[in-house]
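See below for the structure under consideration.
Quick caveat: nothing in here was measured; it's all calculated off a predicted structure.
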Amino acid sequence: MDDLFIIGVERRIHECREECLLRIGFVKSSAYPNLYIKVVNNEPVIILLYVDDLFITGVERRIPKCKKMSAIEFEMKDLVLMHYYLGLEVWKNPREIYLG
């Protein structure tokens with residue numbers, strides 16, 4: 001995965017999250033109910049829902065389109081690259097993302 005983004009969304013996401021994410025091509029994980037995955041040409045984009053936030057990670061060139069498609073469905077504020085969230089520091093090197 002190239003980057004990890006955090007996106008703030010309105011509460012409406014809880015009302016239509018599954019329907020909206022499925023409509024834009026994501027598949028709901030059978031292992032974790034708030035995890036959605038979309039793969040295009042073997043390049044994944046992963047969305048994790050947490051309260052009112054979307055965490056988006058995946059192949060860097062796929063993320064802008066994912067954000068654009070999500071913005072059609074949800075009122076969003078792009079909080080860009082995540083550096084700190086819920087008491088965890090987030091940092092990355094070219095090949096990995098670390099939580100500490």
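- Scanning both residues, Val45 and Cys66, for their nearest heavy atoms gives CG1-SG, 3.7 Å.
- Without hydrogens or angle criteria, Lys67 side chain to Ile56 main chain gives no donor-acceptor distance under 3.5 Å.
- A distance of 11.0 Å separates CD1 in Ile47 from OG1 in Thr57, rounded to the nearest 0.5 Å.
- Taking NZ of Lys28 as the reference point, atom CD1 of Ile37 lies at 12.5 Å (rounded to 0.5 Å).
- Val27 and Tyr32 are not part of a single hydrophobic cluster, where members link through side-chain heavy atoms under 4.5 Å apart.
- Annotation: side chain of Lys38 is not in contact with side chain of Arg62 (no heavy-atom distance under 4.5 Å).
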